[in-house]
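Right, one structure below, let's go through it.
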2 protein chains.
Amino acid sequence: MVGPPLRADAARNVAQIRAAAIAAFRGRGLSTPLEEIAAAAGVSKATIYNRFGGRDGLIDAVIGELVAAEMHTIMGRARAVDDPWQAIATYVGDRRDLQYREPAFTDALLMTYPNSAQLVALANAATDTTVHLLRRGHDAGVLRPGFTAADLYYADIANGLALRALGPQPREDYDRRTRFFLDSLGRQ
Amino acid sequence: MVGPPLRADAARNVAQIRAAAIAAFRGRGLSTPLEEIAAAAGVSKATIYNRFGGRDGLIDAVIGELVAAEMHTIMGRARAVDDPWQAIATYVGDRRDLQYREPAFTDALLMTYPNSAQLVALANAATDTTVHLLRRGHDAGVLRPGFTAADLYYADIANGLALRALGPQPREDYDRRTRFFLDSLGRQ
DNA sequence: GGTTAACTTAACTGCCGGGTCAAGTTGGTA
DNA sequence: TACCAACTTGACCCGGCAGTTAAGTTAACC
């Protein structure tokens, strides 16, 4: 994985490309044209291919900083909450918040780039956590019967795509809709 | 609007293009490549430009058969229901059903092609109906306070995009999610 | 300061889809 | 049946983006 150390100029370029990719992915999602990232980094597109092997490699290289770290925090936070309902409310609320701040998170959810190993690992971890939390909720009888992990996945995809399609929503509106959604999950 | 009558071959082509466009828009949404529609109709792409002036014209020519007619039925049905809550439930349920059957409806909602006059007219009519029904609901006190037409719009866009991104959902799952959504609208 | 492997890049190919037009073909009419 | 306006179309141009490579540049080590 490490190989021989990079030459100084190459190391500098790698750093610049990473920084540009993170900024671009933040703004436009994981499908930002590589030429645009290259220009922002002050290198040519071919250098991205040389250093990262293409989009998948680039995603692998920055997804941690972009969303994986936050996602692990979110999962840990939810799992640490004792009350089963509160754990779910925390988890859903935090995920929605991350979606709001990071369009790239929706790309990660959608698995648009299934060749990125990091992305696959992240998706698996998230699925495990969701299933775990929902099982706890159902066992405790605090969750609406019939609500599945697939339902939550669908709802999050839906929210992320709408957010991207319609542009930034006022935070107040966004949070109200999250509240509506959460209320629909509780035992009626 | 009518102009001189079309020659026999041109009229035949128009009919074939319309039929192919409706089928294609049904399957793939309003952004189906025109070359594909032309091929299905057995004509060249240029003929679509000659007869319809491009995508917007083609949409104008078929949107009625595709979704406008159904949408007007849905609006009429909802407006005819006396009970304010039942009117909203009918409206939301019917729209979700249409979304399920017609991917093109989501394109219409999104106004991806704002140069199609028919599409604009349809969108305005739908907005009026939504506002009207929600006002009735709020006045009668059967609707969750704070729920707006924009919230419903956002939710429908979200649902339509998720449906397209994730592919056809089992009807049972889809209807369950619609039920969840409706429940979140009622007075708590 | 000369050598060379590491590195970068301009310039290319290829695919897709929108949009246009000169050149041919054909239906209708006298 | 001969004419011509109406009609169709293959072949083109364009922009956008992915991905590749031959040729040139440069950091690092002697």
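Residue numbers start from 1 in every chain, and the chains themselves are labelled A, B, ... in the order their sequence lines are given, proteins ahead of strands.
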**Asked** To the nearest angstrom, how far is Y113(A) atom OH from dA18(D) atom P?
**Response** 8 Å
**Request:** Using the salt bridge (charged side-chain N to carboxylate O under 4.0 Å, His left out) rule, collect all pairs that involve residues 151-167 of chain A, keeping only residues at least two apart or in two chains.
**Result:** R95(A)-D156(A), R96(A)-D156(A), D107(A)-R164(A), D151(A)-R176(B), D151(A)-R177(B)
**Request:** Tell me which nucleotide among dC7(D), dG17(C), dC7(C) gets nearest to the side chain of A10(B).
**Result:** dC7(D)
**Item:** Atom pair distance, as rounded to whole Å: CG in L34(A) and C1' in dG16(D)
**Value:** 13 Å
**Distance, rounded to the nearest Å, where E35(A) contributes CD and dC12(C) contributes P** = 15 Å
**Asked** Is there a donor-acceptor pair under 3.5 Å between the side chain of R51(B) and the backbone N or O of L58(B)?
**Response** no
**Asked** Looking for any heavy atom pair under 4.0 Å, which part of the strands does N50(B) touch: base, sugar-phosphate only, or nothing?
**Response** base
**Message:** Counting C-beta onward and ignoring hydrogens, is there a side-chain heavy-atom pair between L34(A) and I37(A) closer than 4.5 Å?
**Reply:** yes
**Asked** Is R136(A) salt-bridged to D82(A), going by a charged N under 4.0 Å from an acidic O?
**Response** no
**Item:** Check ion pair D97(A)-R101(A) (N to O, under 4.0 angstrom)
**Value:** yes
**Message:** How long is the straight-line distance from CG of L109(B) back to OH of Y154(B), given to the nearest 0.5 Å?
**Reply:** 14.5 Å
**Request:** Take atom CG of L58(A) and atom P of dG19(D), then tell me their distance rounded to the nearest Å.
**Result:** 12 Å
**Message:** Check the phosphate of dC7(D) against N13(B), side-chain N and O only, distance under 4.0 Å to OP1 or OP2. Yes or no?
**Reply:** no
**Prompt:** Roughly how far, to the nearest 0.5 Å, is the CD1 atom of I63(B) from the CG atom of D56(B)?
**Reply:** 11.0 Å
**Asked** In terms of side-chain heavy atoms of L6(A), which of dC17(D), dC7(C), dT9(C) is nearest?
**Response** dC7(C)
Scan nucleotides 10-14 of chain D against the protein and return all N/O pairs shorter than 3.5 Å with their distances rounded to 0.1 Å.
none

**Request:** Map R7(B) and G42(B) onto DNA chain D by nearest heavy atom, then report which one ends up closer to the 5' terminus.
**Result:** R7(B)
**Request:** Looking at every strand, decide which applies to R51(B) at a 4.0 Å heavy-atom threshold: base, sugar-phosphate, or nothing.
**Result:** sugar-phosphate
**N159(A) side chain to A158(B) backbone, donor-acceptor under 3.5 Å** = no
**Prompt:** Hey, does L30(B) have a side-chain heavy atom less than 4.5 Å from the side chain of L119(B)?
**Reply:** yes
**Asked** Over how many whole Å does the gap from D9(A) atom CG to dT9(C) atom P extend?
**Response** 9 Å
**Request:** Using atom CD1 of I59(A) as one end and atom P of dA18(D) as the other, report the distance to the nearest whole Å.
**Result:** 11 Å
**Message:** Using whole Å, what does the distance between atom P of nucleotide dC7(D) and atom CZ of R12(B) come to?
**Reply:** 12 Å
**For DNA chain D, the residues among residues 14-25 of chain B that have a non-hydrogen atom under 4.0 Å from it** = none
**Request:** To the nearest Å, give me how far apart CG (L30(B)) and C1' (dG17(C)) are.
**Result:** 17 Å
